[in-house]
Student: 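Starting off with a structure, shown below.
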Amino acid sequence: MSIAPASPHVWKFFRTGGLDQVSLETAADLLALGELDQKLWVALSCPVKGLDLDEQTLALIDTDGDGRIHVREVVAAVNWAAAQLKRPADLLLPGPALPLEAIGEETPEGKTLLASARHILASLGKNDAEVISVADVSDTAKILAAKAPNGDGVVTLRAATDEETQGLIKDILATTGGVPDPAGAEGVNLVIIDAFFAEVSSYITWAQAAGEKNIPELGEATAAACRAFQTVRPKVDDFFARCRLAAFDGRAIAALSRQESEYLVFAARDLSISGAEVAGFPLAKIDAAGRLPLLEGINPAWREALQLFHSTVVAPLFGAEKTSLSIEEWTALAAKFAPYESWLGSGKVSPIEKIGVARAKAWLASPARQSLVDLVAQDTALAPEYNAISSVARLARYYRDLRTLLHNFVNFADFYSRDRFAVFQAGILFLDSRSCELCIQVADAGAHATLATMSKAYVAYLECRRKGGETMKIAACFTQGDSDYLFVGRNGLFYDRKGRDWDATISKIIDNPISIRQAFWSPYKKFLRMIEEQVAKRAAAADTESTARLQTAATAAVAGGPAVPPPPAPPKKIDVGTVAALGVGLGALATAFGLIFSKFVELPSWQIPLVIIGIMLAISIPSMVIAWLKLRQRTIGPLLEATGWAINGRVKVNIPFGTALTDRAELPANSKRTLADPYEDRDAARRRKLLIILVVLIIAWLALAKYWGNWPFHHPVTPATVLVVAPAIAIG
């Protein structure tokens, strides 16, 4: 047997819906909320989305960002908000805006909050305002986030006033990257600045070793020459390899130079000189001499690369008049670049290469670095003020919304009250002369119904539509009346919490008893429906047979001959045993009914109504008992569980509360009604009046027979006399 942990706080509970729920009335109740046994909370978790409560407020409470509100997060939100207010009990009596005088100034955080709230109002031109709303804080946060500095420690281009600092920011963003600020622009912070200059120092130190590895004839131009050399090297090596094969065997020249048919493929379509197909062809015409032309007679796709190679490598080393290379000269060039390439391979790839060594050295000597660091420091200094704006927004939201959350989480006071809706109630459905307040928004009716069946409630799922293609699905609980005219496809009108109207159509039904009254008449309605179905079937069969006969006669008449009757049906084989059994059964039933009738007519007059009532109860009581048991178990827990809630107890919807959740159509108290109906069935009305008069006369007759003997008759008034005379009077 588990015992709830002891708490020094004295809790008060109220019982509603068959469930003991904690009462939240004082500041002490709020401050002790963390001590309340979680088994006594009505809900343990709820989703952030799909409730009639500001999602931004719920997102602030959802500190772990999992999309659900848990007990500990609710307690943490209450404790934080209570610590910022002079009177924590104000959270239980909220308003649309937070009064400035309610903010506590006893703590440094409270003083900062109050100062920030006044600063926000002043920035909006509301210097004399005594309250601050969520809208005020939201607008101010957007304005300050768009300004620079804004307290986030990130400096963007708009924060720098001189071109040199802006240039430094651009180079940092181009090399080491940046971080976004609240307004969405990309900027740099102190960590990124330090990382950039560390890369600059490392790159310059590595690049200083280039002087020892430079080719003497090229000097500082070695790096550019090496890039041009490396660009054409694979293609030049390929050319000389083909030439060596051609020198070995002249028969290979045609194959090494590509076939004529391959050129015909390009000639048949638009030709792009820079295309990959053209670039794949040999660099120049293959011959046994093995000399590579550099300016004339080369593959058009490689012309620019070879021209750059000639101007940066061949001309400085061999002279500008050098227009071709032998394989020996190419090998010598490769040997010259080998030490420099080896040095390049020993260093890591640095993003600073994008700006070059000269610009990197200039930034090391520039005062722009210190200017940028000072801008970051100025921005960071405003962090407390900016954070206070966020805290003011948080407090304003908690002040407005926490009371609603508590009364739909710790207890369900809002759901059981008649002056407000619970956060999970989506609106009101009008259908079948009833209004249903227990409507819950669902994502998937099929998935929801799997668990909602356990609620023992009559649930109708409806597809709701609005002009413009907007759709929504709801589950509506009918808790009063009957289900005779509720069926898939029936239309109604749904009003959401914003007052917008939606066309609603029933798409699925979970059938459960709605009321005891419906259960009482249910057996008789089923019996009548069964009779109607059988009569309809027999009538349909007779109609089919009659139609067939008419069709046969019509066919014969058109043909001009006498109608040929359909062949007689083959005689059915009669099972003598079955007939005997049926005869015995019918005889037994007739004997039983005769015995019952004889006993019935021998009863005293006053017992006949009691017997009739007893028979009706014997028929209806089983259905009523089943309905009563299900209505006792009716709960909204599974309905909410299916939408993501974790309900701790059985939140019952008993018969009186169900009557309040679903209203039936009633005429206003001060209305006037005219009973004259111009289209009334007067014969039926006359029969109803005669039946009422007959019942009254029979009751009076039985009363006279009971208390005044047989007056005014000279023979006894027996039940048999009543049963014979009453129909005669009715017929007359």
Side-chain angles (χ1 to χ4, degrees), residues 56 59-60 62-65 80 84 107-124 132 134 136-203 350-352 354-355 359-360 362-397:
Q56 294 187 36
L60 289 173
D62 179 24
T63 53
D64 58 5
W80 182 86
Q84 315 310 321
T107 63
E109 184 178 6
K111 292 180 179 179
T112 304
L113 279 174
L114 184 58
S116 179
R118 288 174 175 161
H119 177 69
I120 291 170
L121 292 172
S123 67
L124 296 175
I132 185 168
V134 173
D136 293 335
V137 181
S138 299
D139 293 342
T140 304
K142 293 177 183 177
I143 293 171
L144 294 183
K147 291 182 177 180
N150 54 24
D152 61 346
V154 177
V155 175
T156 60
L157 286 172
R158 68 175 182 271
T161 56
D162 60 287
E163 293 184 0
E164 188 173 8
T165 305
Q166 289 180 348
L168 177 57
I169 294 175
K170 290 179 181 179
D171 281 354
I172 294 176
L173 295 177
T175 54
T176 57
V179 293
D181 75 341
E186 196 173 19
V188 299
N189 56 21
L190 191 59
V191 174
I192 292 177
I193 295 171
D194 291 341
F196 170 78
F197 280 98
E199 285 283 354
V200 166
S201 299
S202 176
Y203 179 71
S350 174
I352 307 302
K354 296 178 181 179
I355 63 175
R359 192 166 178 83
W363 286 131
L364 281 180
S366 172
R369 176 181 183 178
Q370 187 59 46
S371 300
L372 188 56
V373 171
D374 292 342
L375 287 176
V376 172
Q378 295 172 13
D379 192 285
T380 305
L382 296 178
E385 180 180 348
Y386 186 79
N387 292 336
I389 294 174
S390 301
S391 296
V392 172
R394 182 183 178 191
L395 183 59
R397 290 185 177 277

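Fair warning: this is a prediction, and the values are worked out from it, not measured in the lab. When reading the values below, keep in mind they use all heavy atoms of this one structure, side chains included, and skip hydrogens, waters and symmetry mates.
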Student: Taking atom CG of Leu113 and atom CD1 of Ile389, what is their separation to the nearest 0.5 Å?
Tutor: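 The distance works out to 11.0 Å.
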Student: Do any N or O atoms from the side chain of Ser116 and from the backbone of Thr112 form a donor-acceptor pair under 3.5 angstrom?
Tutor: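 Side chain of Ser116 to backbone of Thr112: no pair is present.
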Student: Could you tell me which non-hydrogen atom of Asp194 sits nearest to which non-hydrogen atom of Arg369, and how far apart they are?
Tutor: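 Smallest heavy-atom distance, with atoms named: OD1-NH2, 3.8 Å.
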Student: Any chance you could measure Ile192, atom CD1, to Asn189, atom CG, to the nearest 0.5 Å?
Tutor: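 Answer for the CD1-CG pair, Ile192 versus Asn189, is 4.5 Å.
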Student: Listed by chain and number, what are the side-chain contact (heavy atoms from CB on, under 4.5 Å) partners of Gln166, not counting sequence neighbours?
Tutor: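 Expected list: Leu157, Ala160.
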Student: Classify the side-chain pair Gln370/Asp374 by whether it contains a donor and acceptor separated by less than 3.5 Å.
Tutor: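 Their side chains do contain a donor-acceptor pair, which is all the 3.5 Å distance test asks for.
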Student: Output the distance between atom CD1 (Ile193) and atom CG (Leu375), rounded to the nearest 0.5 Å.
Tutor: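 The CG atom of Leu375 is 8.5 Å from CD1 of Ile193, to the nearest 0.5 Å.
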Student: To the nearest 0.5 Å, how far apart are OG1 in Thr176 and CD in Glu199?
Tutor: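 It comes to 8.0 Å.
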Student: What residues form a salt bridge (Lys or Arg N to Asp or Glu O under 4.0 Å) with Asp62, not counting sequence neighbours?
Tutor: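 Once residues adjacent in sequence are excluded, Asp62 has no partner under the salt bridge (Lys or Arg N to Asp or Glu O under 4.0 Å) criterion.
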Student: Which heavy-atom pair separates Trp363 from Ala368 by the least distance, and what is that distance?
Tutor: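 Smallest interatomic distance, heavy atoms only, reads CZ3-CB, 4.1 Å.
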Student: Which heavy atom of Val392 sits nearest a heavy atom of Ala117, and at what distance?
Tutor: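 Looking at all heavy atoms of both residues, the closest pair is CG2-N, 4.0 Å.
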Student: For Arg118, which residues count as a salt bridge (Lys or Arg N to Asp or Glu O under 4.0 Å) partner, sequence neighbours excluded?
Tutor: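 Salt bridge (Lys or Arg N to Asp or Glu O under 4.0 Å) check on Arg118 returns nothing, list empty.
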Student: Say you draw a straight line from CD1 of Ile172 to CD1 of Ile355; how long is it, rounded to the nearest 0.5 Å?
Tutor: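 Rounded to the nearest 0.5 Å, the CD1-CD1 separation comes to 9.0 Å.
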Student: Would you say Ser366 and Glu164 are linked by a side-chain donor-acceptor pair, where the criterion is simply a distance under 3.5 Å?
Tutor: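 Ser366 and Glu164 do have a side-chain donor-acceptor pair below 3.5 Å.
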Student: If the test is side-chain contact (heavy atoms from CB on, under 4.5 Å), which one of Val191, Leu173, Ile352 qualifies with Phe196?
Tutor: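 For Phe196, the side-chain contact (heavy atoms from CB on, under 4.5 Å) check succeeds only for Ile352.
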Student: How close do Val155 and Ile169 get, counting heavy atoms only, and between which atoms?
Tutor: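 What the structure gives for the nearest pair is CG1-CD1, 4.2 Å.
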Student: So, taking the atom named CG in Leu395 and the one named CD1 in Ile132, what distance separates them when rounded to the nearest 0.5 Å?
Tutor: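 Interatomic distance, Leu395 CG to Ile132 CD1, rounded to 0.5 Å: 9.5 Å.
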Student: Closest approach of Asp171 and Arg359, non-hydrogen atoms and distance?
Tutor: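 Looking at all heavy atoms of both residues, the closest pair is OD2-NE, 2.5 Å.
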